[in-house]
Amino acid sequence: MSHNLFETFAARMRERGNADFITTREGRRYSYADALGESGRLAGALTALGVQQGDRVAVQVDKSPEAILLYLACLRIGAVYLPLNTGYTGEEIRYFLTDAEPALFVCRAAVLDEARRLAAETGCPAVETLGTAADGSLMEKAAAATLRDDIVELGERDLAAILYTSGTTGRSKGAMLTHRNLGSNAETLVGAWRFSAEDRLIHALPIFHTHGLFVACNVTLMAGASMRFLPKFDADVIFEEMAHGTVLMGVPTFYTRLAADERLTPEATARMRLFVSGSAPLTAETHEAFEAKSGHAILERYGMTETNMNISNPYDGARRAGTVGMPLPGVEMRITDRETGAEVPEGEIGMLQIRGPNVFIGYWRMPEKTREELLEDGFFITGDLAMVDDQGYVHIVGRDKDLVISGGYNVYPKEVEQLIDELDEVQESAVIGLPHPDFGEGVTAVVVRQPGAAIDEAGVLAHLEGRLARYKQPKRVFFVEVLPRNTMGKVQKNELRRQYDATYR
Ligand code: MLC
Ligand code: AMP
């Protein structure tokens with residue numbers, strides 16, 4: 001039996017035929033039958049470009065239906081889809097191309113020259129462009145290509161995608177996700193969240209991370225539902241779309257913004273059946289405000305790049321504010337003591353570990369990192385601190401890893417600190433996340449100057465511009481004489497967070 005996830009999607013495409021798969025507000029539309037045909041043509045183009053089974057296809061493009069068709073084309077031929085945040089700078093891209101050694105890099109036309117230079121430097125043999133209006137050299141090649149209507153046979157451990165997640169050491173790790181990982185999770189979520197062909201998902205997330213790509217698109221495909229593709233979150237547009245949609249998936253910032261909007265009423269959301277939140281903690285305050293104004297209890301769930309979705313509030317039953325619910329069917333969870341590794345009793349806080357068919361198979365070319373985080377018995381150490389209450393609901397109470405989540409994007413402090421520390425005028429720095437009303441956490445730098453140096457906030461930020469994606473750049477930079485340290489010499493980030501707590505409030 002082949003494990004190619006596209007087999008399941010293809011069955012849905014044949015059944016759903018002329019039904020909507022993706023539509024846009026500009027009036028563009030792909031039916032399920034179109035998706036079957038176009039992904040075959042793109043598969044033909046990939047083959048003509050030399051992409052073979054197991055090859056990586058790196059993709060840094062603006063959101064479009066065609067980018068999803070490219071993802072589907074990769075699945076068809078067993079190529080490994082490697083989506084990249086559009087915010088990444090050339091320097092960041094260089095690392096991914098070097099590490100993943102893709103056979104093809106698909107980029108935006110506006111950065112083609114830079115992409116070609118980076119590809120040449122890193123040994124990537126082909127570069128094509130993809131625009132947002134079914135344009136670009138890749139689409140031209142697809143139009144001229146011989147259609148591939150086969151679906152490559154794959155085994156249980158064959159990769160569907162590699163998604164890079166930043167690492168605590170500052171080096172990004174490529175999480176290897178198999179067809180089985182993605183397929184099992186999509187199937188589980190369709191059941192848990194009652195997706196059907198009648199659903200119309202309002203899709204306002206980016207499509208280069210787990211949430212917008214796998215949770216949203218794979219669940220839609222698995223259910224034969226449709227998606228309204230929006231370029232980004234825009235509250236005005238969301239209110240218009242809610243008159244036609246049934247489901248919205250978003251990061252907490254979506255809901256904070258919607259809950260603060262006077263247009264949020266039971267009437268405005270009358271056609272909607274489900275609001276899902278994830279990727280960062282949703283405050284109980286936002287959960288309650290949203291429900292009070294709309295009558296809808298947001299369904300909060302918990303997931304990760306490495307594991308897809310693990311834990312979810314119930315569809316039927318209480319969706320409790322400040323909790324992420326119960327493990328999804330087929331997903332096992334344990335909460336352990338950091339020192340002893342033993343499971344902690346109910347009600348106590350410990351390290352959250354996850355096992356199941358959704359859990360990735362390791363980090364690309366990092367066997368040691370894989371061994372550290374993916375245990376021999378199959379449990380993955382999430383780095384999140386959790387507690388189960390007496391009703392079985394899981395609370396994510398904090399993080400054991402040094403990570404900031406800003407508007408649903410992960411920022412690893414080390415990566416930012418390393419760049420700030422490069423400056424001659426800087427002795428050392430500490431990057432922290434502080435409570436932020438819109439983004440949940442705001443990236444903030446605390447810097448110690450070299451004796452006699454005069455560098456200021458603008459000077460530090462100027463150094464980061466062009467080197468780091470904008471969402472990783474600190475919103476504020478503060479200067480201190482010394483960083484607080486514990487007796488072991490470790491910077492006390494808790495103390496810094498306490499001191500600067502009011503910065504964005
Ligand atoms: C934009 N900016 C951000 C930011 N997004 N800064 C910090 N954090 C962010 N997330 C910057 C912009 O560059 C701009 O700066 C300024 O903030 C204002 O921009 P905006 O117009 O208000 O931002 P907007 O376009 O509305 O974007 C905010 C957002 C977006 C929250 C809607 O960031 C978003 O869609 N986030 C979703 C991330 C996501 O999909 N995560 C899922 C990961 S998967 P300037 O200075 O340039 O003007 C995962 C697993 C799981 O975690 O469980 O799901
Ligand atoms: P990523 O590596 O981008 O996939 O982000 C995964 C991390 O996001 C998790 O390890 C958590 O720290 C966080 N996360 C995701 N969903 C939630 C949630 N509902 N509540 C709290 N944290 C979350």
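Just so you know, residue 1 is the first one in the sequence shown, and it goes up from there. Computation of the quantities below employed the complete heavy-atom set of this structure, encompassing side-chain atoms and omitting hydrogens, waters and symmetry-equivalent molecules. Counting starts at 1 for both ligands and their atoms, following the listed order.
- Within 4.0 Å of atom 14 (C) of ligand 1, not a single protein heavy atom is present.
- Within the 4.0 Å cut-off (strictly below), a protein heavy atom is located near atom 9 (C) of ligand 1.
- For R228 and T23, the side-chain atoms include at least one donor-acceptor pair closer than 3.5 Å.
- At least one heavy atom of D384 sits less than 4.0 Å from an atom of ligand 2.
- Short contacts between ligand 2 and P281, defined as distances under 4.0 Å to a heavy atom of the residue, involve ligand atoms 20 (N), 21 (C), 22 (N).
- Near T305, meaning under 4.0 Å from any of its heavy atoms, are these atoms of ligand 2: 1 (P), 2 (O), 3 (O), 4 (O).
- One finds no salt bridge joining E376 and R371 here, because no Lys/Arg side-chain nitrogen approaches an Asp/Glu carboxylate oxygen to under 4.0 Å.
- Ligand 2 lies within reach of K401, whose nearest heavy atom is under 4.0 Å from it.
- Taking the charged nitrogens against the carboxylate oxygens, D402 and K414 have no contact shorter than 4.0 Å, which rules out a salt bridge.
- Using a 4.0 angstrom heavy-atom cutoff, P206 counts as in contact with ligand 1.
- Ligand 1 has at least one atom lying under 4.0 Å from a heavy atom of K475.
- Side chain to side chain, T444 and Y504 meet the donor-acceptor criterion of an N or O pair below 3.5 Å.
- A salt bridge is defined here as a Lys NZ or Arg NE, NH1 or NH2 lying under 4.0 Å from an Asp or Glu carboxylate O, and D99 with R365 fails to meet this definition.
- For ligand 1, the polar-atom distance check against N410 finds no nitrogen or oxygen pair separated by under 3.5 Å.
- The only member of R355, Q353, R334 that meets side-chain hydrogen bond (donor to acceptor under 3.5 Å, both in side chains) when paired with D377 is R334.
- Atom-to-atom distance recorded for L75:CG and L5:CG is 5.5 Å, nearest 0.5 angstrom.
- Note on ligand 2: H209 sits outside its first shell, no heavy atom being nearer than 4.0 Å.
- Heavy-atom proximity to G303, at under 4.0 Å, picks out these atoms of ligand 1: 53 (O).
- Interface atoms of ligand 2 facing E300, defined by a heavy-atom separation under 4.0 Å, are 18 (C), 19 (N), 20 (N).
- Under the 4.0 Å distance rule, the nearest protein heavy atom to atom 48 (O) of ligand 1 falls outside the cut-off.
- Without hydrogens or angle criteria, D337 side chain to E339 main chain gives a donor-acceptor distance under 3.5 Å.
- In terms of protein heavy atoms, atom 36 (N) of ligand 1 is closest to G407 O, 3.0 Å.
- For E262 and K293, the salt-bridge test fails: no basic side-chain N is under 4.0 Å from an acidic carboxylate O.
- Ion pairing of D158 with R180 is absent here, as no side-chain N (NZ or NE/NH1/NH2) approaches a carboxylate O to less than 4.0 Å.
- Under a 4.0 Å criterion applied to the non-hydrogen atoms of I405, ligand 2 contributes the atoms 8 (O), 12 (O), 13 (C).
- For atom 51 (C) of ligand 1, a protein heavy-atom neighbour is present inside the 4.0 Å cut-off.
- Remark: among candidates G398, G303, S312, the nearest residue to atom 6 (C) of ligand 2 is G303, based on non-hydrogen atoms.
- Ranking protein heavy atoms by distance to atom 3 (O) of ligand 2, first place goes to N410 ND2, 2.9 Å.
- Under a 4.0 Å heavy-atom criterion, G383 is not in contact with ligand 2.
- The M304 neighbourhood of ligand 2 comprises atoms 4 (O), 6 (C), 9 (C), 10 (O), with distances under 4.0 Å to a heavy atom of that residue.
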